[in-house]
Amino acid sequence: MEVNSQCVVALTWTLKDTVGEVLDVLDEPVEFLVGGNDLLAKIEEALQGHQPGDRIDLHLEPADAFGDYDEKLVFLEPRDVFPKELQEGLTFEGLPPGATSQDAPKDVLYTVTDIYPDHVVVDGNHPLAGMALRLMLKVDAVREATEEEIGRGTAGAGFFKV
């Protein structure tokens, strides 16, 4: 079966930045719904017509991947509004109660990037925002999507969600 506009594709990949540093490797196939919310548009477009065993090399500019880096999504918040057990890399959906940044979007996933005695820096950008990426994909399997998957808009994987 070939990849079409409403199927589930099992992929493995290697994701690198433009200087060749490996950012992620997926050795075991993961299923994604083509025509849903699982994959970036450029990846879905490149997969069309391919079948199991095919390999695809893609270059994704930030606009085609996770967007440009937006400095307006970086906030400095008081340390005392965060849990005592806090470490860099922790994520929060929205800022915690008591946060002082009134213009911060509420539905964003924020990552703690720096912790100071009195303040915490949180970043609402995707970790790969602003980066051009090289993605080496392998199509491991293709199958028809179930009605449930189509209705949900996902096969369950969300790696490429923005």
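In what follows, residues are counted from 1 in the order of the sequence shown.
- Looking at every heavy atom in both residues, I150 comes nearest to A145 through CG1-CB, 3.8 Å.
- For S101, the side chain to side chain donor-acceptor pair (under 3.5 Å) partners at least two apart in sequence or on another chain are E77.
- Here the closest non-hydrogen pair linking N125 and A129 is CB-CB, 4.0 Å.
- In this structure, the separation between CH2 on W13 and CG on L135 is 7.5 Å, given to the nearest 0.5 Å.
- Separation of atoms CG (L58) and CG (L133) is listed at 10.5 Å; rounding is to 0.5 Å.
- The structure places CD of Q6 at 5.5 Å from CG of L33, a figure rounded to the nearest 0.5 Å.
- In the hydrophobic clustering (ILVMFWY side chains linked at under 4.5 Å, chained through shared members), L76 is joined by Y69, V74, Y116, V121.
- Side-chain atoms of D68 never come within 3.5 Å of backbone atoms of G130 as a donor-acceptor pair (strictly under, hydrogens ignored).
- Scored by the side-chain contact (heavy atoms from CB on, under 4.5 Å) test, E2 finds Q51 as partners (sequence neighbours excluded).
- The structure places CG of L73 at 9.5 Å from CG of D103, a figure rounded to the nearest 0.5 Å.
- Partners of E45 under the side-chain contact (heavy atoms from CB on, under 4.5 Å) rule, at least two apart in sequence or in another chain, are K42.
- The structure places OG of S5 at 12.5 Å from CG of L47, a figure rounded to the nearest 0.5 Å.
- For the atom pair CD (Q48) and CD1 (I56), the distance works out to 9.5 Å, reported to the nearest 0.5 Å.
- Note: the hydrophobic cluster containing V25 does not contain F32 (ILVMFWY, side chain heavy atoms under 4.5 Å, direct or indirect links).
- Under the 4.5 Å side-chain heavy-atom criterion for grouping Ile, Leu, Val, Met, Phe, Trp and Tyr, M136 is not connected to V139 through any hydrophobic cluster.
- Within the structure, side-chain hydrogen bond (donor to acceptor under 3.5 Å, both in side chains) pairs that include any residue of residues 55-65 comprise H59-E61 (at least two apart or interchain).
- Other residues sharing the hydrophobic cluster of F82, ordered by chain and number and joined by side-chain separations under 4.5 Å: F75, V81, L86, L90, F92, L95, V108, Y110, V112, I115, V120, V122.
- Follow the hydrophobic side-chain contacts under 4.5 Å out from L11 and you reach L23 in the same cluster.
- Checked against side chain to side chain donor-acceptor pair (under 3.5 Å), E148 has the following partners two or more places apart in sequence or in another chain: R152.
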Inset, instruction - Any chance you could lay out the side-chain contact (heavy atoms from CB on, under 4.5 Å) test for L15 and L26, step after step, and finish with the verdict? - result: CA-CA 9 Å; L15 179 66; L26 181 62; over 6 Å; no
Inset, instruction - Start with the C-alpha distance between T12 and D27, add both sets of side-chain angles, then the distance that settles side-chain contact (heavy atoms from CB on, under 4.5 Å), and finish with yes or no. - result: CA-CA 6 Å; T12 54; D27 290 325; 5.9 Å; no
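- Within the structure, salt bridge (charged side-chain N to carboxylate O under 4.0 Å, His left out) contacts touching residues 115-140 (residues at least two apart or in different chains) are K138-D140.
- The side chain to side chain contact (heavy atoms under 4.5 Å, CB included) test with V142 is passed by exactly one of D54, V9, V34, N4: V9.
- The side-chain contact (heavy atoms from CB on, under 4.5 Å) check on V19 picks up D17, with sequence neighbours excluded.
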Legend entry - Stepwise side-chain contact (heavy atoms from CB on, under 4.5 Å) test for I43 and L137: CA-CA 9 Å; I43 296 172; L137 290 169; 3.9 Å; yes
Inset, instruction - For T154 and N37, run side chain to side chain donor-acceptor pair (under 3.5 Å): C-alpha distance rounded to whole Å, both residues' side-chain angles, the deciding distance at 0.1 Å, then the answer. - result: CA-CA 6 Å; T154 182; N37 301 316; over 6 Å; no
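- Side-chain atoms of E44 do not come within 3.5 Å of backbone N or O of L40 as any donor-acceptor pair.
- Listed for the T111 side chain is no donor-acceptor partner under 3.5 Å among the backbone atoms of T113.
- Listed by chain and number, the residues in a side chain to side chain donor-acceptor pair (under 3.5 Å) with E149 are R143, T146 (sequence neighbours excluded).
- Put simply, the side chain of M1 reaches to within 4.5 Å of the side chain of C7, judged on heavy atoms.
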